[in-house]
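To start, the structure under review is shown below, and the notes come after it.
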Amino acid sequence: MYGLWKPRVLGAWRVPASGPVILAVNHSHMIDGPMLMGTAPRPVHFLIKKEAFVGPLDPFLRGIGQLKVDRTTADRTAISNALGVLADGGVLGIFPEGTRGEGDFASLRAGLSYFAVRSGAPIVPVAVLGSTDRRGRLISGLPPLRSRVDVVFGDPFEAGDGSGRRTRKALDEATVRIQGRLTAHLEGARRFTGR
C-alpha cells in the first residue's frame, strides 16, 4: 500500500496492543480492506466473500489469514472461524454494511453486533477516506497512484450493555449503539482530515 499510494495513518495507537479486537471499517472502494491490512498495527483477518477466493488469489488470501464467507446463507464455518480469531486474541476486520457502498455506515448488518456481543471484544471504528475521491489515469478503477488515502482509527468501545445478554433484542440494541459510534467517528474523521 505504501508503494502505490501515500497512506496517512492516524490514531493507530488506539488499537489495543493485545487481546481480541474488532476493526469496523467503512467500505466504499475495493482497496479499503487491503489498505487497512497494510497499515494496521496488528495483523487483520477479514471475512471476505467466497467469490474472491479464485485462482491464485485463493492460496494467497488463505496464506495471509483471510476468512472465506458465503454471503448467501448463514455460513456457520465462517462464523466459527471468525469467533476463533477473537478467541485466540486476534484482530477481526469487518465491513459492517456487508458490501461496498457509500461507506457511511447508514445500514449496518447484524454480523458486527453478533461478533462483538458474543466475544466481548472491543470495537475500534476505522474510517478509510480518499479511496474514492478521484479515478486514476493509469487504472481507472483505482485511486491515482501516489495519492493520499487517510486511515483513521477511533477509540475502542464495548458493544454490549454490560448485562451479558445475547438475545435478539440485545443484538438489535447493540446495533443501534454501534451505528451511532461508527457514524460519529466517520464524521469526526472527515472533519479532522478535511475530506
Could you check Leu92 against Leu67 for side chain to side chain contact (heavy atoms under 4.5 Å, CB included), going step by step and ending with a plain yes or no?
CA-CA 10 Å; Leu92 181 64; Leu67 309 172; 4.1 Å; yes

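- Ile94 contributes atom CD1, which lies 5.0 Å from atom CG of Leu112 (distance to the nearest 0.5 angstrom).
- Rounded to the nearest 0.5 Å, atoms OG (Ser113) and CD (Glu173) are 11.0 Å apart.
- What you find for Leu61 and Ala52 is that their closest heavy atoms are CD1-O, 3.8 Å.
- Heavy-atom minimum distance, Ala159 versus Ile178: CB-CD1, 3.7 Å.
- Taken from NZ in Lys169 to CG in Asp172, the straight-line distance is 10.0 Å, to the nearest 0.5 Å.
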Would you sort out whether Leu86 and Arg118 count as a side chain to side chain contact (heavy atoms under 4.5 Å, CB included), showing the intermediate values?
CA-CA 10 Å; Leu86 296 171; Arg118 173 91 189 265; over 6 Å; no

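- Of all the heavy atoms in Val124 and Pro16, the pair that sits closest is CG2-CD, 4.0 Å.
- Using a distance-only test at 3.5 Å, with no hydrogens or angles considered, no donor-acceptor pair links the side chain of Glu187 to the main chain of Leu182.
- Closest approach of Pro41 to Phe153, counting heavy atoms only: CD-CZ, 4.1 Å.
- Not counting sequence neighbours, the partners of Phe46 by the ring pair (Phe, Tyr, Trp, His ring centres under 6.0 Å) test are Phe95.
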Test Asp70 against Thr72 for side chain to side chain donor-acceptor pair (under 3.5 Å), laying out the working first.
CA-CA 6 Å; Asp70 182 351; Thr72 63; 2.6 Å; yes

Show your reasoning for whether side chain to side chain contact (heavy atoms under 4.5 Å, CB included) applies to Asp150 and Phe192.
CA-CA 10 Å; Asp150 293 325; Phe192 185 73; over 6 Å; no

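- Within the 4.5 Å cutoff, side-chain heavy atoms of Met37 are placed close to those of Ile64.
- In this structure a side-chain-to-backbone donor-acceptor pair under 3.5 Å is missing from Ser80 to Arg76.
- Annotation: Lys68, atom NZ; neighbour count of heavy atoms from other residues, nucleotides and ligands within 6.0 Å is above 12.
- Interatomic distance, CG of Leu4 versus CE of Met35, reported as 8.0 Å (0.5 Å rounding).
- Here the shortest heavy-atom pairing between Ala40 and Val44 reads CB-CG2, 3.7 Å.
- Interatomic distance, CG of Asp58 versus CD of Gln66, reported as 12.0 Å (0.5 Å rounding).
- For Val9 against Ala12, the heavy-atom pair with the smallest separation is CG1-CB, 3.9 Å.
- A 4.5 Å side-chain heavy-atom check between Leu171 and Val117 finds at least one atom pair inside the cut-off.
- If you chain together hydrophobic residues whose side chains sit under 4.5 Å apart, Val151 and Leu10 never meet in one group.
- Formation of a donor-acceptor pair under 3.5 Å by the Ser119 side chain with backbone atoms of Ala121 is found in this model.
- With a 4.5 Å cut-off on side-chain heavy atoms, Arg181 and Pro125 do not count as touching.
- The main-chain N or O of Arg190 is never found under 3.5 Å from a side-chain atom of Arg195 such that the two would form a donor-acceptor pair.
- Considering Leu36, Ile22, Leu23 as possible partners of Val91, the one that fulfils the side chain to side chain contact (heavy atoms under 4.5 Å, CB included) test is Leu23.
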Steps toward side chain to side chain contact (heavy atoms under 4.5 Å, CB included) verdict (Arg148, Trp5):
CA-CA 6 Å; Arg148 192 180 86 214; Trp5 293 283; over 6 Å; no

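- Without hydrogens or angle criteria, His45 side chain to Gly65 main chain gives a donor-acceptor distance under 3.5 Å.
- The salt bridge (charged side-chain N to carboxylate O under 4.0 Å, His left out) analysis of residues 9-30, with sequence neighbours excluded, yields the pairs Arg14-Asp155.
- Considering Val128, Val152, Leu129 as possible partners of Leu186, the one that fulfils the side chain to side chain contact (heavy atoms under 4.5 Å, CB included) test is Leu129.
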